[in-house]
> 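Here's a structure for you.
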Amino acid sequence: PEEWTDEPLATLPTATFADLAQVRHHREVTVLDVRRVNEWRDGHLVGVLHIPLHDLLKRMDELPDGEIWVHCASGYRSSIASSLIAATGRRVVSINDTYATSAAKVGLPVETALAAS
């Protein structure tokens, strides 16, 4: 990776859904879900911003100021999205955790089975 850039390499903060649940008790953060639309319809965290990863570059202007916590289904897309967001100078945390087994289990409010629109 050092050969891919003239800039110093950086790292991104990572967290779990349990970390997100704790942080939400102490401060307001934006949560960005970068999963596909069909995944979103099957269930998502209440009150989060949804921008599928494949739309993120053209919708960056929709991201609010402040700290952004990014999640997907398992962490892979979250890391990509977090890297793109961090490149714009925003503070970002990548959630590296499994949505299906962890989000509701740690007490985060989940809305499920939305009708197709």
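Just so you know, these numbers use all the heavy atoms, side chains as well, and skip hydrogens, waters and symmetry mates. Quick caveat: nothing in here was measured; it's all calculated off a predicted structure.
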> Can you see which heavy atom on Leu56 is nearest to which on Ala81, and at what distance?
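Scanning both residues completely, I find the closest heavy atoms to be CD2-CB, 3.6 Å.
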> Check for a donor-acceptor pair, side chain of Ser83 on one end and backbone N or O of Ser79 on the other, with a separation under 3.5 Å.
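Checked: no pair found.
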> For Cys72 versus Val34, what's the shortest heavy-atom pair and its separation?
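Where Cys72 meets Val34 most closely, the heavy atoms are CB-CG2, 3.9 Å.
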> Would a single hydrophobic cluster contain both Ile85 and Trp69, if residues Ile, Leu, Val, Met, Phe, Trp and Tyr are joined by side-chain heavy-atom contacts under 4.5 Å?
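The answer is no; the residues belong to distinct hydrophobic clusters.
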> Locate the shortest heavy-atom distance separating Trp40 from Asp33; write the atom from each residue and the value.
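Looks like CE3-OD2, 3.4 Å.
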> Compare every heavy atom of Arg24 with every heavy atom of Leu108, then report the nearest pair and how far apart it is.
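Scanning both residues, the minimum pair turns out to be CD2-NH1, 3.8 Å.
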> Can you establish whether the number of heavy atoms outside Arg91 located under 6.0 Å from its atom CZ is more than 12?
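Atom CZ in Arg91 is not packed in, count stays at 12 or less.
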> Where the side chain of Thr16 meets the backbone of Asp19, is there a donor-acceptor pair that is under 3.5 Å apart?
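The answer is yes, because a donor-acceptor pair under 3.5 Å joins these two groups.
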> Under 4.5 Å between side-chain heavy atoms, hopping through other hydrophobics if needed: is there a path connecting Leu20 to Val46?
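Cluster IDs for Leu20 and Val46 differ.
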> Could you pull out all residues at least two apart from Val37 that satisfy side chain to side chain contact (heavy atoms under 4.5 Å, CB included)?
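Side chain to side chain contact (heavy atoms under 4.5 Å, CB included) check on Val37 returns Arg41, His50, Pro52.
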> May I ask you to test the His71-Arg77 pair for a side-chain heavy-atom distance under 4.5 Å?
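A side-chain contact is absent here, since even the closest heavy-atom pair is not under 4.5 Å.
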> Step through the shown structure and confirm whether more than 12 heavy atoms of other residues, nucleotides or ligands are within 6.0 Å of CG on Asp6.
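Not buried by this count: 12 neighbours or fewer within 6.0 Å.
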> Please list, chain by chain and in numerical order, all residues satisfying side chain to side chain contact (heavy atoms under 4.5 Å, CB included) with Thr5, sequence neighbours excluded.
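Partners of Thr5 under the side chain to side chain contact (heavy atoms under 4.5 Å, CB included) test: Glu7, Leu9.
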> Tell me, do Val110 and Tyr99 make a side-chain contact under 4.5 Å, heavy atoms counted?
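Contact flag for Val110/Tyr99 side chains = yes.
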> What pair of heavy atoms forms the shortest contact from Met60 to Arg90, and how long is it?
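Here Met60 and Arg90 meet closest at O-NH2, 3.7 Å.
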> Verify, without hydrogens or angle tests, whether Ser94 (side chain) and Ser82 (backbone) share a donor-acceptor contact under 3.5 angstrom.
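A pair under 3.5 Å: no.
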> Quick check against the 3.5 Å criterion: does Asn96 have a side-chain atom that pairs as donor or acceptor with the backbone of Ala15?
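The answer is no, because no donor-acceptor pair under 3.5 Å joins these two groups.
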> Step by step, work out the side chain to side chain contact (heavy atoms under 4.5 Å, CB included) result for Leu63 and Thr30.
CA-CA 9 Å; Leu63 298 175; Thr30 296; 5.9 Å; no
> Return the set of residues passing side chain to side chain contact (heavy atoms under 4.5 Å, CB included) with Pro13 (not counting sequence neighbours), or none when no residue passes.
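Side chain to side chain contact (heavy atoms under 4.5 Å, CB included) check on Pro13 returns Val93.
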> Between atom OG1 of Thr98 and atom NZ of Lys105, what is the distance when rounded to the nearest 0.5 Å?
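Here the rounded value is 10.5 Å.
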> Is there a path of hydrophobic side-chain contacts, each under 4.5 Å between heavy atoms of I/L/V/M/F/W/Y residues, joining Val29 to Ile68?
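Per the 4.5 Å side-chain linkage, Ile68 and Val29 are not co-clustered.
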> Do other residues, nucleotides or ligands put more than 12 heavy atoms under 6.0 Å from the CG atom of Asp65?
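Count not over threshold, so no.
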> Examine Leu32 and Val48 and state if one hydrophobic cluster contains both, with Ile, Leu, Val, Met, Phe, Trp and Tyr joined whenever side-chain heavy atoms are less than 4.5 Å apart.
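In one cluster: no.
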> Show your reasoning for whether salt bridge (Lys or Arg N to Asp or Glu O under 4.0 Å) applies to Glu67 and Arg27.
CA-CA 10 Å; Glu67 186 175 354; Arg27 67 182 187 273; 3.1 Å; yes
> Heavy atoms only: give me the nearest Arg36-Glu39 pair and the separation to one decimal.
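It is N-OE1, 2.7 Å.
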> Test of understanding: clusters of I, L, V, M, F, W, Y form through side-chain heavy atoms closer than 4.5 Å, transitively. Do Tyr76 and Val31 belong to the same one?
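Different clusters: Tyr76 never reaches Val31 through Ile, Leu, Val, Met, Phe, Trp or Tyr contacts under 4.5 Å.
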